[in-house]
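First up is the structure itself, then whatever we jot down about it.
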Amino acid sequence: MTEFEKRYDGLTVEKQMQKYWEENKIYDFVPDKSRPLYSIDTPPPTVSGSLHIGHIFSYTQAEMIARYRRMCGYNVFYPFGFDDNGLPSERLVERETGIKACDIPRSEFCGKCIEVTQRYESEFMDLWKTMGFSCDWNLVYSTCSSNTQRLSQKSFLELAQKGHAYIKESPVLWCTECQTSIAQAELDSKELDTHFHYIPFTIDGEVLEIATTRPELLFGVVCVFVNPEDERYKDKVGKMVKVPLYDFEVPLLTDDKVAVDKGTGAVMCATFGDTTDVEWVESHALPYKKVVLPDGKIAADVPFIAGLRVKAARKEIIRLLEEKNLLIKSEQLTHIVSVHERCGTEVEIIPSRQWYIDVLSKREEMLAAGDKINWYPAQMKNRYVNWVENLKWDWCISRQRYFGIPFPVWYCKSCEKPVLASIDQLPVNPLETPYHGVCSCGCSEFVPEKAVFDTWATSSITPQLNLDTAENYGVDEGFMPMSMRTQAHEIIRTWAFYTIAKSLYHTGDIPWKDAMICGFVLAKPGEKISKSKSNSKLSPQQLIAQYSADAIRYWAANARLGTDMYFDIQDMQDSSRRLITKLWNSSKFVLSHLQDFDPAYQPAQILPADRWIIERTNQAILDVSRWLDEYEIGLARKIVDDLFWKDLCDNYIEIVKDRLYQPDIHGEEERKSAQYAIYYCLLSVLKMYAIYIPHETEYIYLKGFKDFVGEKSIHLTQWAKPMEIDGEIIRFGEILKDAIAEVRKYKSEKNLSMRTEIDNATVVCPENLKGLFLASEKDFMACSRAKEVIYKVEG
RNA sequence: GGACGAUUAGCUCAGUUGGUAGAGCGUCCGCUUGACGUGCGGAGGGUCAGCGGUUCAAGUCCGUUAUCGUCCACCA
């Protein structure tokens with residue numbers, strides 16, 4: 001054993017250990033058919049800004065599982081990735097450079113994107129390494145690499161050929177700020193103050209009051225709806241209604257969806273105010289009147305407000321209505337509107353030609369897939385089910401943006417029919433590669449598709465990306481479904497859902513067997529930590545530099561899976577430092593008594609106290625394994641904490657101390673028995689803690705255990721696999737602890753030192769355990785400093 | 001409006017086959033114990049949100065109410 005420093009210097013040790021792991025390739029993936037594969041589908045973090053403590057929290061929890069599985073004998077395949085294309089990254093680049101994508105040539109903007117995202121990625125990677133992540137960094141992928149482009153385009157072509165991906169002209173959710181179509185999953189809701197404006201339409205020369213929040217869409221009104229049961233309007237249904245200000249007429253129709261008690265019970269249907277309008281246009285075969293343009297301005301042919309932005313147009317219309325005495329009243333109203341999650345802009349619905357992936361018709365299959373996956377914690381499945389059941393739109397995958405994977409598609413110049421690239425020419429950018437061929441209509445001129453894939457369209461194939469990587473290592477058979485997916489609960493509706501959808505199309509099966517759904521770190525109730533808010537001023541880098549990675553990891557493990565936590569720096573510091581120091585000191589003590597230890601020597605007899613702590617350790621190993629098999633790293637950690645702190649340190653070590661120090665009194669064989677026990681128990685505790693605090697445990701292992709064990713890293717050692725637990729010896733230990741506690745209480749109440757000698761101490765035990773106590777008499781006397789032991793048999 | 005979770009000691013939370021309420025922090029008292037005072041021992045502190053039910057027995061199971069939180073839906 002090398003000397004133990006007086007104090008453990010985590011910051012220095014962590015750098016040393018990381019270097020040691022890298023040099024010795026401790027975590028490199030090596031194909032090995034003799035061991036079962038455990039493959040992990042980790043979220044490639046979106047490169048949209050710097051990482052915060054929340055990322056550390058959830059990624060670390062999953063990383064611990066990788067370590068656990070490795071120590072259980074699995075060949076762990078744990079690649080990492082970066083999701084570095086698409087709108088989130090574009091917005092980062094726009095923020096960083098102050099340049100808007102639409103203001104410079106596309107190629108130039110994409111160049112800036114690559115530059116910025118690469119800078120962030122190297123920052124991410126450094127951070128993960130500093131945290132001691134046991135990934136194989138040779139397996140890193142990026143979602144904008146040319147290989148990913150190839151696989152993503154291939155995925156699209158396969159779906160298009162099977163008819164699961166299709167193009168159609170249709171109303172689509174549209175962000176006028178980002179000027180692109182978006183998907184249902186990208187909506188956030190926001191509470192907004194607005195006004196309900198009561199406007200007089202006319203029917204039969206009578207006024208028909210209609211309340212609306214969007215008067216700027218008056219020109220787009222195609223009909224008015226009332227509920228078929230509404231007595232007030234029964235005799236008017238089918239007649240024409242005149243739209244004020246514009247003085248054109250539209251029919252009065254009925255639909256069940258209209259709420260009788262909302263507003264005046266009459267609704268104007270404008271194309272398109274909301275999703276209900278879209279449904280109505282379809283179900284009632286209504287015409288479309290364009291009002292809002294993709295850039296958020298009012299169309300040129302709309303009188304009074306042409307060219308204005310939506311909000312200005314609304315103001316202007318209200319001014320006009322008031323001027324012409326056409327505004328009956330305005331009520332203040334707070335309602336929730338859908339906004340684009342990336343920029344907070346209220347979404348519009350605008351018809352355009354977009355590519356979709358069919359999900360609506362596959363609900364049943366997707367729900368069945370949800371049933372087949374093991375969700376941890378189980379109730380997270382509800383979120384998935386809830387989402388699938390409430391789908392309203394097929395998944396729109398085309399984005400009118402710049403830095404993304406191009407659609408491998410061209411269109412015939414005359415008939416607009418799309419033609420697809422062939423798989424062997426991927427990756428392809430149609431803007432750079434013309435299509436050579438002849439359309440079925442005879443035309444030989446083609447225009448390239450300018451849109452790019454939604455980022456999720458690519459990140460949803462991470463299992464396929466991982467498979468591609470695995471294939472390069474000669475691993476493919478049985479790779480799918482992967483062992484597990486880890487992610488936070490907020491992206492169940494996006495990443496988990498899309499991955500399952502794609503997997504069903506590509507493999508006909510689920511993408512992974514288990515889904516480990518982590519919680520979130522919040523600054524305080526309801527407040528998410530985000531880089532745009534000041535609550536994230538403590539960057540992970542600063543936290544690590546100040547408190548060490550092990551401290552943060554240990555804290556991050558203190559969570560119930562799927563449950564959100566609040567970040568409290570004091571709490572993190574206190575609990576982690578305590579444990580790290582305790583582990584250091586106890587290891588120092590134990591190893592100082594193992595100088596002459598021979599792991600090959602089996603003592604003739606293991607004393608009862610030693611048998612007890614060994615059995616307790618085995619019991620803990622079983623409990624910890626059971627929790628970790630369910631991804632409950634927090635509950636598992638608690639088991640180790642209790643074993644280590646209470647039983648091993650506070651009791652067992654105190655019990656055997658004297659035996660270790662004084663073989664002349666207790667006997668040499670008895671000392672060897674104690675050595676046998678402390679060696680096994682501390683090593684087991686270190687192994688269990690290794691997944692949480694990999695640096696310190698490795699450092700202690702290298703100092704004191706490596707020579708005994710042989711493996712060059714604690715992280716390559718295997719967990720013991722205890723058999724059945726001996727309940728009798730556990731009971732013996734409990735009673736022994738009680739007896740010691742009685743003595744301690746006595747001394748405490750008398751304000752005596754624990755070293756004070758006492759005349760006698762009593763052990764109350766059942767008859768069948770008395771033999772064990774008699775065999776432990778010297779231990780008990782040494783620990784209690786009692787000159788005599790009195791036995792009371794009970795039970 | 002729908003779904004899910006939470007409600008246990010002053011604070012943060014454990015308590016997974018129903019069987020005498022637990023930990024850490026904080027408080028109070030004590031102990032310089034040949035690993036650790038960044039420690040150790042002890043004490044105090046809880047009608048386990050309310051109500052009802054099942055049971056010999058309920059923090060634990062069922063029903064219901066309340067409060068908080070999250071996801072989804074409400075956009076006329």
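Letters go in sequence order (proteins before strands), and every chain restarts at 1. Computed from a predicted model, the values in this text were never measured in an experiment.
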Residues passing the side-chain hydrogen bond (donor to acceptor under 3.5 Å, both in side chains) test with A:Glu348, sequence neighbours excluded, are A:Arg214
Under 3.5 Å, is there any donor-acceptor pair linking the side chain of A:Arg493 to the base of B:U70? no
With sequence neighbours left out, the residues meeting side-chain contact (heavy atoms from CB on, under 4.5 Å) with A:Ser283 are A:Trp280
A correct dot-bracket answer for RNA chain B, with pairs being Watson-Crick or G-U at under 3.5 Å, [ ] for crossing pairs and | for inter-strand pairs, is ((((((((.[[[[.)...(..]]]].(((((.......))))).....[[[[[..)....]]]]])))))))....
Residue set satisfying side-chain hydrogen bond (donor to acceptor under 3.5 Å, both in side chains) with A:Asp642, at least two apart, ordered chain then number -> none
Original post:
With rounding to whole Å, what would you report as the distance between B:G24 and B:A14 at their P atoms?
Top reply: 16 Å
Considering only heavy side-chain atoms of A:Tyr566, the closest of B:U16, B:C13, B:C36 is B:C13
Across all chains, not counting sequence neighbours, the side-chain contact (heavy atoms from CB on, under 4.5 Å) partners of A:Ala211 are A:Phe196, A:Tyr198
Residues at least two apart in sequence or cross-chain that pass ring pair (Phe, Tyr, Trp, His ring centres under 6.0 Å) with A:Tyr692, listed by chain then number, are none
| task | Would you please confirm or rule out a distance under 4.0 Å between OP1 or OP2 of B:A43 and any side-chain N or O of A:Lys747? | result | no
Checklist entry - Under 4.0 Å between a side-chain N/O of A:Arg744 and OP1 or OP2 of B:C31, yes or no? => result no
> Going by distance alone, is a donor N or O of one side chain under 3.5 Å from an acceptor N or O of the other, for A:Asp274 and A:Thr276?
Replying inline: yes
Residues passing the side-chain contact (heavy atoms from CB on, under 4.5 Å) test with A:Asp564, sequence neighbours excluded, are A:His489, A:Phe520, A:Leu522
*Describe, in one word, how the ring planes of A:Tyr689 and A:Phe644 are oriented to each other, choosing from parallel (under 30°), tilted (30 to 60°) and perpendicular (over 60°).*
perpendicular
Under-3.5 Å N/O pairs linking protein and nucleotides 22-29 of chain B:
unit_1: B:G24; atom_1: OP1; unit_2: A:Lys646; atom_2: NZ; d: 3.4

Restricting to nitrogen or oxygen on both sides, can you table the protein-nucleotides 44-46 of chain B pairs closer than 3.5 Å?
none

The residue, A:Lys257 or A:Arg577, whose nearest nucleotide of RNA chain B is more 5′ is A:Arg577
Of the listed B:C72, B:U16, B:C75, the closest approach to the A:Val337 side chain comes from B:C75
In short, side-chain hydrogen bond (donor to acceptor under 3.5 Å, both in side chains) pairs touching residues 256-270 of chain A with sequence neighbours left out are A:Lys257-A:Glu279
Cation-pi, A:Trp627 ring and A:Arg637 (6.0 angstrom, 45 degrees): no
Identify the pairs formed between an N or O of the protein and an N or O of nucleotides 1-6 of chain B at a distance under 3.5 Å, and give each distance.
unit_1: B:G2; atom_1: N2; unit_2: A:Asn386; atom_2: ND2; d: 3.1

Problem - Ring centre gap for A:Tyr288 and A:Phe272 strictly below 6.0 Å - result: yes
- Query: B:G34 base to A:Gln662 side chain: any donor-acceptor pair below 3.5 Å?
  - Reply: yes
* Asked: Base, sugar-phosphate, or nothing: which does A:Leu635 touch, judged by heavy atoms less than 4.0 Å apart?
  -> base
With sequence neighbours left out, the residues meeting side-chain contact (heavy atoms from CB on, under 4.5 Å) with A:Glu749 are A:Lys745
Between the CD1 atom in A:Ile203 and the CG atom in A:Leu252, the distance rounded to the nearest 0.5 Å is 4.5 Å
Just checking A:Cys649: base, sugar-phosphate only, or nothing, at a heavy-atom cut-off of under 4.0 Å? base
